[in-house]
Amino acid sequence: MLPPLPNLDEYQISPEHGFLPAELPLSRLSDPYYQPWEVISENLQTLLSNKQIRVAVDALPLLSTGRLRSEAEWRRAYMLLGFISNSYIWGLENAADRVPKNISIPFLQISEHLELPPVVTYAGLCLWNYRPMDAFTPVDVLENLESLITFTGTVDEAWFYLVSVAIEARGAPTIPLIIKAIAAARENDIVTVTECLSAFAERIADLRDLLGRMYEHCTPQAFYFRIRPFLAGSKNMAGAGLPHGVILEDGSGKEEYRQYSGGSNAQSSLIQFFDIALGVEHRPTGMKKDPESDKLQGTAPPPRHNFIEEMRSYMPGPHRRFLEHLITVANVRSYVEANTNENALAHAYDECLRALSSFRDKHLQIVSRYIVIMSQESRRRAARAAAEAGSTTVPVVQVPESNLGLARDSAAVEAKKSGLTGTGGTQLMPFLKQSRDETMEPATGVWSKTTSKLLSFNARKSTISPVTTPREISPSRDLGSRSCKVNDFDDVLASGPRVTGVGMAGDWEAGDDLGGICHS
Ligand code: HEM
Ligand SMILES: N[C@@H](CC(=O)c1ccccc1NC=O)C(=O)O
């Protein structure tokens, strides 16, 4: 007997809104009892800029969670306490390693209820933190969305969260679509599986375009210097002043340091859903596909921990259980592998992988611009400031345009670690590149056999020379990631200000995403 297919209702998933709540998030807790939390959150920016945040939080009464009624109220309370506790920890020059019990006791209870860790997570920052300005316009229209709570009050921060909200909304219909494909594969209905996969590929390509809209209203400077410090967790944060993590006072008198990853989109169930649906598997960072090759090269054994899987414990309980259920029924990859002679099916499947890989490429480009380049810039600023002050130590950079009291610079933090890390604590570039590369591993190759090695790219000479023009190769948007000799995204970044393509319309800026034409 095959296990039953998941019933979305049982997992708090809406066929229209996916992992976003079926009902719109609450804009406030209506019970006046919770007014003290609402007031702090309404005044977060002022309390941060006048450095009164800790004074105000210390003065809060210890409120009971006994008056929270609906799930929507529990979620709102989780968001409020997440924003308040991270403001408390990161809102002044020195990080606080203790969150007072009037906040941490209810936060621990609420987190337990929602089966989430007591820290800012993607659920609190994005999934439950939006409001459509016009209730009749769909949630996947970015212009129609507003964030309910932000640390900085900036458009950039709201946009940063809202791009993810729109992606969740636009990606939502793929959930019933994939369940339909799984059911069809069980019935050996090849036409339906193929149709579902083609529609899935198109939808993922749409999401890539939405991701690319990050640039419109969130600048790399605002993100890196002002927003990102507040998204941090308490794990591996010694460089930022939390060598042991944080103590969440629980009233028991027992004090222990805890460490949690910060908010990260790796905690999005949607993207993990895509991987599971397509049978994409991720290994711990640094682990090769063939573990024997590591041994042969005599390299050290890679770390065992698998970040992407670990991030499931940062998802709301029902969503995490949905993914676990899906793993037991996912059959698309094995169905395609059992039918590789079916070209249309194999092609549609490969298109899905390419679209997802291209999504991850776009994401890599964003991470380069929003974190890698910004950290370099900030290190330059720090070095200049140190030289002017006649000092050789690298100080924490003051960010002149910041309207917050805060001037903790992620670069100073990063400098103390071995390489750049994500808010989730990953070695971000190796991790993200591996994740992108793993996305293409299950490809049948039906498509790439006809197009591989058609392009070559020379980073040193800054030229891209397609053997034939993309249009001759394929009418589709994108040539996929296996088709050219570009070694790495970094080559594009490092190759100077202008990279020109032969046979392509227009020029590319260094660091630009080459639209699938030339990624490794
Ligand atoms: C300025 C915008 C963004 C930056 C700087 C950024 C940065 C990062 C970083 C550093 C990681 C590594 C994990 C960690 O340690 O946290 C990550 C992971 C991830 N991000 Fe983003 N991110 C951004 C926006 C987005 C958006 C809008 C999405 C939408 C879906 C997204 C999807 C993901 C996913 C799925 C992962 C997990 C890795 C994977 O599955 O390949 N990111 N991001
Ligand atoms: N991991 C990212 C942060 C990140 O991706 C993120 C954090 C909180 C909420 C959403 C996020 N991603 C996209 O909107 C970083 O290291 O900056």
Side-chain angles (χ1 to χ4, degrees), residues 44-45 48 53-54 57 78-79 81-99 103-104 107 111 116-126 129 149-152 154 156-157 160-161 164 218 220-248 257-268 307 310-311 313-314 367 370-372 374-375 378-379 396-397 399 402 404-429 431-432:
L44 216 46
Q45 286 95 50
L48 286 167
I53 182 73
R54 289 189 193 150
V57 173
Y78 176 77
M79 280 174 61
L81 297 186
F83 272 91
I84 295 173
S85 60
N86 255 33
S87 301
Y88 190 93
I89 296 171
W90 299 114
L92 297 180
E93 193 63 49
N94 298 314
D97 71 353
R98 173 185 298 268
V99 179
I103 281 295
S104 53
F107 197 22
S111 305
L116 282 166
V119 67
V120 286
T121 56
Y122 178 75
L125 294 163
C126 298
N129 188 19
I149 313 183
T150 61
F151 292 103
T152 61
T154 57
D156 304 69
E157 184 181 349
F160 173 69
Y161 303 140
S164 295
C218 176
Q221 286 77 7
F223 172 75
Y224 187 79
F225 292 109
R226 300 184 58 194
I227 303 164
R228 191 167 190 253
F230 286 110
L231 307 177
S234 46
K235 201 173 192 170
N236 303 327
M237 294 306 282
L242 296 182
H244 311 292
V246 284
I247 293 172
L248 299 180
Y257 279 101
R258 297 158 179 258
Q259 297 200 358
Y260 298 106
S261 292
S264 170
N265 216 312
Q267 298 157 358
S268 159
F307 176 74
E310 188 185 317
M311 285 300 108
S313 59
Y314 287 70
V367 176
Y370 282 74
I371 301 180
V372 180
M374 281 302 104
S375 82
S378 127
R379 236 168 278 185
V396 169
V397 181
V399 184
S402 171
L404 297 172
L406 178 99
R408 183 179 297 102
D409 172 16
S410 331
V413 174
E414 309 287 3
K416 299 197 179 129
K417 302 191 205 146
S418 51
L420 282 177
T421 50
T423 45
T426 60
Q427 302 285 315
L428 53 90
M429 291 312 258
F431 161 70
L432 293 169

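Computation of the quantities below employed the complete heavy-atom set of this structure, encompassing side-chain atoms and omitting hydrogens, waters and symmetry-equivalent molecules. All of these numbers come straight from a predicted model, not from anything done at the bench.
Looking at Q45, its side chain does come within 3.5 Å of a backbone N or O of T150 through a donor-acceptor pair. Remark: the backbone N or O of V246 is not paired with any side-chain donor or acceptor of R258 at under 3.5 angstrom. Judged purely by atom type and a 3.5 angstrom limit, S264 has no side-chain atom pairing as donor or acceptor with the backbone of T423. In this structure a side-chain-to-backbone donor-acceptor pair under 3.5 Å is missing from T152 to I227. A donor-acceptor pair is defined here as one N or O able to donate and one able to accept, closer than 3.5 Å; no such pair exists between the side chain of D156 and the backbone of F223. A distance-only check finds a donor-acceptor pair linking the side chain of N86 to the backbone of F230 [under 3.5 Å].
When every heavy atom of S313 is checked against every heavy atom of P117, the shortest pair comes out as O-CD, 3.5 Å. The two atoms that bring P118 and S111 nearest to each other are CA-OG, 3.3 Å, heavy atoms only. Of all heavy-atom pairs spanning A266 and F307, the tightest one is CB-CE2, 3.5 Å. Annotation for A123 and L116: closest pair CB-CD1, 4.3 Å, computed over non-hydrogen atoms. The minimum heavy-atom distance between P243 and Q259, with the atom names listed, is O-NE2, 4.1 Å. Residue L125 comes nearest to N129 through the heavy atom pair O-ND2, 3.0 Å, listed as atom of the first residue, atom of the second, then distance.
Rounded to the nearest 0.5 Å, atoms CD1 (I247) and OG (S104) are 10.0 Å apart. Here the straight-line distance linking atom CE of M79 with atom SG of C126 works out to 10.0 Å at 0.5 Å rounding. With values rounded to the nearest 0.5 angstrom, L248 atom CG is found 7.5 Å from S234 atom OG. Annotation: the span from I149 atom CD1 to I84 atom CD1 amounts to 7.5 Å, rounded to 0.5 Å. Annotation: the span from Y122 atom OH to S268 atom OG amounts to 4.0 Å, rounded to 0.5 Å. L48 CG to R226 CZ: the interatomic distance, rounded to the nearest 0.5 Å, is 10.5 Å.
Aromatic rings from Y224 and Y370 are positioned such that their centres are separated by 6.0 Å or more.
Both tests pass for R54 against the ring of Y88: distance under 6.0 Å to the centre and angle within 45° of the axis.
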I would like to know whether V120 and L231 meet side-chain contact (heavy atoms from CB on, under 4.5 Å); could you show each step before the answer? CA-CA 7 Å; V120 286; L231 307 177; 5.5 Å; no
Stepwise, does the side-chain contact (heavy atoms from CB on, under 4.5 Å) test hold for T421 with N236? CA-CA 9 Å; T421 50; N236 303 327; over 6 Å; no
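Looking at P229 and W90, their side chains never come closer than 4.5 Å, going by heavy atoms from C-beta outward.
Ring geometry for H244 against Y257 counts as tilted: the plane angle lies between 30° and 60°, on a 0 to 90° scale. A tilted orientation is assigned to the rings of F107 and Y78, their planes being inclined by 30° to 60°. Taking the six-membered ring for Trp and thresholds of 30 and 60 degrees, Y161 and F83 have ring planes more than 60 degrees apart, a perpendicular arrangement.
When only modelled atom types and interatomic distance are considered, Q267 and T121 share no side-chain donor-acceptor pair under 3.5 Å.
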